[in-house]
Amino acid sequence: MKLYLAFTFATAISVSAFAQQTPQSIADAELPSLVTIYKDLHTHPELSGHEERSSAIVAKELKAAGYEVTDHVGKYDKPGWTGFGVIGVMKNGDGPVVAVRTDLDGLPVHEETGVPYASTVTTKNDLGQEVSVMHACGHDIHMSTFIGTARALAKLKDKWHGTLILIGQPAEEAVGGARALLKDGLYTRWPKPNYVLGLHDDAEIATGQIGVTEGYCYANVDSVDVSVKGTGGHGAYPHKTKDPVVLAAEIINGWQTIASRETNPHDDVVVTVGSIHGGTKHNIISDEVKMQLTVRTYKKEVRDTVLAAIERIAKGCAMAAGLPPDKMPEVKVRKDEFTPATYNNPELTKRVTAVLKTAIGNDNVIPKDPTMGGEDFAEYSLPDHSIPAFMFNVGAVDPAKIAESKKPGAAPLPSLHSSKFAPVFEPTIRTGIIGMTSAVLDLMKK
Ligand SMILES: [Zn+2]
Ligand SMILES: [Zn+2]
């Protein structure tokens, strides 16, 4: 009799302890260990394509949380790059397949945050130059949140069914990591997801809040190389030359009419000439001017129009300058560097937004404007957006600092990629775990 009572008592305790677990309570319990992981990751950032240590930490933590883990996933075209992708899988009966993604890489930035766990890492980049490395985009926040979410969903296994796929993606900053995973069989070696979720920390939103954007949120990113040819000569005898510097200037002005005159004013377009180089000396007219452009759009048809216009205007200006056909400008769209636009599936966005509001409070979920930035998270929904995907933005800024930055004459807040970007890690990781865990639980609920 005594034994029986003791048994029921113990069972009752363990059942009630289990029943009390929520994304919130698990996030709170796991936070101290995740902060240790965060600081360690922050102190040891790695460049794109070289995320060996970070990927090993993520793999180890997913294994410890009970996931079936495969590491060294990812196939690149770039020589010298190893696939450091990590895929963790938890099968929990029949049901939907949901994928959650984190990125792993840091940036060639010299940290100036002054925090005690700041990075002092230097390394050689792919060009052999010595560079400092920093988690200036907060991918360390993403990894810590991801590990916390993995632990939470393992602990809440009785509340969901289906297959959960956790994706540790390398090389987001250099672009190509998501594509490398897909090329290595992400959707064939593992089940193809019904939904894909991701998050990014946000350098403008207060910690504790989440920003959501429905529809397009990040742009198509194209890198374009343009070589403008001319016939060089003495700077004092322009009539004996075809000056590619003057021609390049005309072409650049011509490109400004793409967004203002060619595309629908309701379609967003950016054409930026980020680099221009020509000539060697004051009094020499050069033979060539080289330019590097970044071109940002959302819709495919707009992208096609803009890229065609860039080439047409360059060639038209060259023709007007009297250059022969063999000296037409060369316009090369760098296919290897293309990032597709990220499109937050409207139905999925609405569904998850409602879940986030319940999880962290109505007022803490705020609308966020789309940007013309780029994110290769887009790759997971495939070019036709046939896999619904949603990425939300987790605020990472002290609200007092936001208020301060709005005062007249105040310095703006450090942006993502700034050497001074220091997210408020504890509440940001906590909010990220609660948001992501709640979203997955809803998509996979029994
Ligand atoms: Zn970044
Ligand atoms: Zn980032």
Side-chain angles (χ1 to χ4, degrees), residues 47-48 101-109 134-142 145 169-179 196-206 209-224 258-259 263 266-275 292-300 302-303 306-307 333-334 336-345 349 366-381 383 385 389-397 402 405 412-421 423 428 432:
L47 289 181
S48 310
R101 175 267 214 169
T102 183
D103 31 22
L104 309 171
D105 50 341
L107 284 159
V109 172
M134 173 187 174
H135 268 300
C137 203
H139 297 185
D140 46 358
I141 291 276
H142 305 172
T145 304
Q169 183 212 302
E172 189 282 323
E173 296 293 357
V175 173
R179 212 173 305 160
V196 186
L197 297 174
L199 58 78
H200 204 295
D201 62 350
D202 195 291
E204 290 170 7
I205 297 177
Q209 295 193 318
I210 289 177
V212 295
T213 313
E214 189 179 311
Y216 286 109
C217 57
Y218 296 108
N220 285 310
V221 181
D222 278 288
S223 296
V224 184
I258 299 172
T263 54
H266 292 286
D267 286 323
D268 303 279
V269 174
V270 173
V271 178
T272 292
V273 180
S275 160
Q292 293 180 315
L293 283 64
T294 187
V295 180
R296 312 282 170 125
T297 52
Y298 286 131
K299 297 176 188 161
K300 188 196 172 294
V302 176
R303 174 180 178 238
V306 172
L307 292 176
V333 179
R334 298 276 295 263
D336 53 325
E337 290 195 6
F338 171 60
T339 306
T342 298
Y343 182 74
N344 279 338
N345 177 282
T349 303
I366 57 173
K368 181 182 160 69
D369 287 336
T371 84
M372 300 307 274
E375 220 330 320
D376 74 353
F377 178 73
E379 300 274 359
Y380 298 107
S381 62
H385 307 309
F390 175 49
M391 174 175 251
F392 53 87
N393 294 77
V394 182
V397 190
I402 293 180
S405 75
L413 291 164
S415 63
L416 294 177
H417 292 203
S418 157
S419 60
K420 296 192 170 68
F421 174 58
T428 304

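Atom set for the values below is all heavy atoms of this structure, side chains included, hydrogens, waters and symmetry mates excluded.
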Under the side chain to side chain donor-acceptor pair (under 3.5 Å) test, residues paired with Asp222 that sit two or more places apart: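 Expected list: Arg303.
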Sub-4.5 Å side-chain heavy-atom contact between [X] and [Y]:
X	Y	value
His200	Leu416	yes
Asp103	Glu375	yes
Phe338	Ser223	no
Val269	Arg296	no
Leu47	Pro108	yes
Leu199	His142	yes
Thr213	Pro367	no
Leu413	Val397	yes

Trace of the side-chain contact (heavy atoms from CB on, under 4.5 Å) decision for Cys137 with Glu173: CA-CA 9 Å; Cys137 203; Glu173 296 293 357; 3.0 Å; yes
Could you tell me if [Y] and [X] have a donor-acceptor pair between their side chains, going purely by distance under 3.5 Å?
X	Y	value
Gln169	Asp376	yes
His139	Asp105	yes
Thr349	Glu214	no

What's the separation between atom [atom1] in [X] and atom [atom2] in [Y], rounded to the nearest 0.5 Å?
X	Y	atom1	atom2	answer
Thr294	Arg334	OG1	CZ	12.0 Å
Gln292	Thr272	CD	OG1	13.0 Å
Ser275	Leu293	OG	CG	9.5 Å
Phe392	Cys217	CZ	SG	12.5 Å
Lys299	Thr263	NZ	OG1	10.0 Å
Asp202	Ile141	CG	CD1	12.0 Å

Heavy atoms from other residues, nucleotides or ligands near CD of Glu204 exceed 12 (cutoff 6.0 Å):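 Open: at most 12 neighbouring heavy atoms sit under 6.0 Å from CD of Glu204.
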Working for side-chain contact (heavy atoms from CB on, under 4.5 Å), residues Asn344 and Met391: CA-CA 7 Å; Asn344 279 338; Met391 174 175 251; 4.2 Å; yes
Which heavy atom of [X] sits nearest to which heavy atom of [Y], and what is that distance?
X	Y	value
Tyr343	Tyr216	CD1-N, 3.5 Å
Ala378	Pro340	CB-O, 3.3 Å
Tyr298	Pro370	OH-CB, 3.4 Å
Ser418	Ala136	O-CB, 3.7 Å
Pro414	Ala203	O-CB, 3.7 Å
Ala396	Asp201	CB-CB, 4.1 Å

Stepwise side-chain contact (heavy atoms from CB on, under 4.5 Å) check, Asp267 with Thr297: CA-CA 8 Å; Asp267 286 323; Thr297 52; over 6 Å; no
Test log, rule side-chain contact (heavy atoms from CB on, under 4.5 Å), inputs Asn393 and Ile210: CA-CA 5 Å; Asn393 294 77; Ile210 289 177; 5.9 Å; no
Results of salt bridge (Lys or Arg N to Asp or Glu O under 4.0 Å) for Glu379 - residues two or more places apart only: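 If we apply the salt bridge (Lys or Arg N to Asp or Glu O under 4.0 Å) test to Glu379, skipping adjacent residues, the hits are Arg179.
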